[in-house]
Q: 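First, the structure itself, so that you have it in front of you.
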Amino acid sequence: MKNKEIKGLIFDLDGVIVSTEHNHFLAWKKTADQLGVKFSEHENEKLKGLSRVDSLKAILAIDNLIISEKEFGTLMLDKNEFYLESIQLLNESNILPGVKNLLVSAKEQGIKMAVGSSSKNAPFIVKLLGLDDYFELIVDGNMVADPKPHPEVFLNAAKGMNLKPSDCIVFEDAESGIKAALDGGFHAIAVGNKNIAEMAHEYLNDLTEFKLDLYA
Ligand code: G6P
Ligand code: MG
């Protein structure tokens, strides 16, 4: 019995295709320590999926810190430098369970795929993982005016595939991403993060649990 007819799959990158969320956390932790802000994995949960700007704003808001625009820019540059340093060795082995098999099967069945990420480093990381050939397009943090939880990133991905949101599944690991998918009219599947299971249409522990034949 089919769940629903799907023509497109849209993947968030960090925490869905590749395990980079800890790299982001460590880089933001360094920033928070510099600012003297208490920042643990718990606080980081709220940052998942947010843009770099919104992530730093969220960290400053923890202690209601006000800093100059110049300092804000420097902290973002430093964070990105530290993050990029930490992901240089990313390769196919860092791809999360079930992802590669799903990309291969979906491509064989002519299902269109895209990446929708708030990260400005998304194209670089997809290339590092050797996955660029599977995607019609990558919509990243450089290409949207309104980052998640605004649905723009996923709406642009669907448009780029000439598909309607209702014809697409969005796979996400963050609250901001599931909100963006739901507001955009997509079928929202939460992956690997039990905190957001209730708010999505479906929950999977990882993508080995996704049954493509129920949708294609
Ligand atoms: C993703 C991650 C966030 C990160 C954001 C911006 O959405 O889930 O944790 O802050 O991308 O990443 P960037 O690579 O542009 O700093
Ligand atoms: Mg994510």
Side-chain angles (χ1 to χ4, degrees), residues 9-32 39-62 72-88 90 94-99 114-129 131 138-154 156-157 169-182 186 188-197 199-200 203-207:
L9 303 177
I10 303 173
F11 298 82
D12 171 47
L13 179 72
D14 300 291
V16 171
I17 290 178
V18 62
S19 53
T20 43
E21 275 309 341
H22 195 59
N23 300 71
H24 280 295
F25 168 67
L26 292 176
W28 283 127
K29 177 85 178 101
K30 184 167 171 288
T31 307
F39 184 71
S40 65
E41 294 273 8
H42 174 70
E43 282 82 19
N44 186 58
E45 198 52 39
K46 297 186 197 67
L47 267 54
K48 281 184 178 176
L50 298 185
S51 68
R52 202 178 306 166
V53 169
D54 290 345
S55 298
L56 182 51
K57 282 179 182 171
I59 291 171
L60 293 169
I62 293 169
F72 193 99
T74 306
L75 287 176
M76 283 212 298
L77 274 175
D78 292 351
K79 184 267 178 184
N80 194 48
E81 230 167 79
F82 186 89
Y83 172 68
L84 285 175
E85 189 60 37
S86 79
I87 61 166
Q88 284 310 312
L90 273 187
N94 298 100
I95 298 172
L96 288 166
V99 172
V115 171
S117 171
S118 303
S119 174
K120 296 187 173 184
N121 294 302
F124 169 64
I125 293 170
V126 169
K127 212 162 185 64
L128 270 186
L129 300 174
L131 296 178
I138 299 173
V139 181
D140 67 47
N142 300 294
M143 297 157 67
V144 289
D146 296 308
K148 298 171 190 174
H150 188 288
E152 185 185 352
V153 63
F154 296 135
N156 289 2
I169 286 175
V170 167
F171 296 104
E172 258 288 352
D173 71 310
E175 180 175 340
S176 62
I178 290 294
K179 279 187 180 153
L182 294 170
F186 296 87
I189 298 184
V191 182
N193 178 358
K194 285 204 167 39
N195 300 325
I196 58 172
M199 62 189 293
Y203 173 76
L204 302 173
N205 289 307
D206 63 45
L207 287 179

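Order of listing sets the numbers, starting from 1, for every ligand and every atom in it. Please read all numbers here as calculations on a predicted model, not as lab measurements.
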Q: Once you restrict to heavy atoms under 4.0 Å, what part of S55 touches ligand 1? Side chain, backbone, both or neither.
A: side chain
Q: List the closest protein heavy-atom neighbour of atom 5 (C) of ligand 1: residue, atom name, distance to the nearest 0.1 Å.
A: L50 O, 3.1 Å
Q: For K79, take its heavy atoms, then give the atoms of ligand 1 lying under 4.0 Å from any of them.
A: 16 (O)
Q: Does E45 come within less than 4.0 Å of K48, counting only side-chain N to carboxylate O?
A: yes
Q: I'd like the name of whichever of S119, A27, G116, S117 reaches closest to atom 6 (C) of ligand 1 through any heavy atom.
A: S119
Q: Strictly by modelled atom types, are N121 and N80 linked by a side-chain donor-acceptor pair under 3.5 Å?
A: yes
Q: For atom 8 (O) of ligand 1, which protein heavy atom lies nearest, and how many Å away is it?
A: E21 OE2, 2.6 Å
Q: Assess D12: does it contribute an N, O or S atom lying under 2.8 Å from the Mg ion (ligand 2)?
A: yes
Q: For Y203 and V191, which heavy atoms make the closest approach, and how far apart are they?
A: CE1-C, 4.5 Å
Q: Step by step, would you call V53 with F72 a side chain to side chain contact (heavy atoms under 4.5 Å, CB included)?
A: CA-CA 9 Å; V53 169; F72 193 99; 4.1 Å; yes
Q: Tell me the closest heavy-atom pair linking L47 and F39, and the distance in Å.
A: CD2-CZ, 3.6 Å
Q: Which of the atoms of ligand 1 are close to N121, meaning less than 4.0 Å from one of its heavy atoms?
A: 13 (P), 14 (O)
Q: May I ask you to decide if D173's main-chain N or O and N193's side chain share a donor-acceptor pair within less than 3.5 Å?
A: yes
Q: Taking the side chain from T20 and the backbone from N23, do they hold a donor-acceptor pair closer than 3.5 Å?
A: no
Q: Judged by atom type as modelled, is there a donor-acceptor pair below 3.5 Å linking the side chain of K148 to the main-chain atoms of G116?
A: yes
Q: Using a strict cut-off of 4.0 Å, indicate which atoms of ligand 1 neighbour a heavy atom of R52.
A: 6 (C), 13 (P), 15 (O), 16 (O)
Q: By atom name, which N, O or S atom belonging to D173 lies closest to the Mg ion (ligand 2)?
A: OD1
Q: Among A122, G15, G49, which one has a heavy atom closest to atom 7 (O) of ligand 1?
A: G49
Q: Does A174 come within less than 4.0 Å of ligand 1, judged by its heavy atoms?
A: no
Q: Can you tell me if D14 has an N, O or S atom under 2.8 Å away from the Mg ion (ligand 2)?
A: yes
Q: In this structure, does ligand 1 have an atom that sits under 4.0 Å from one of the heavy atoms of M76?
A: no
Q: Which protein heavy atom lies closest to atom 1 (C) of ligand 1, and at what distance to 0.1 Å?
A: D14 OD2, 3.2 Å
Q: Which pair of non-hydrogen atoms, one from V16 and one from L96, has the smallest distance, and what is that distance?
A: O-CD1, 3.5 Å
Q: Kindly say whether G49 contributes a backbone atom to a donor-acceptor pair with the side chain of S118 at under 3.5 angstrom?
A: yes
Q: Examine ligand 1 and decide if any of its atoms is less than 4.0 Å from a heavy atom belonging to G141.
A: no
Q: May I ask you to identify the nearest protein heavy atom to atom 15 (O) of ligand 1, giving residue, atom name and distance to one decimal place in Å?
A: K120 N, 2.7 Å
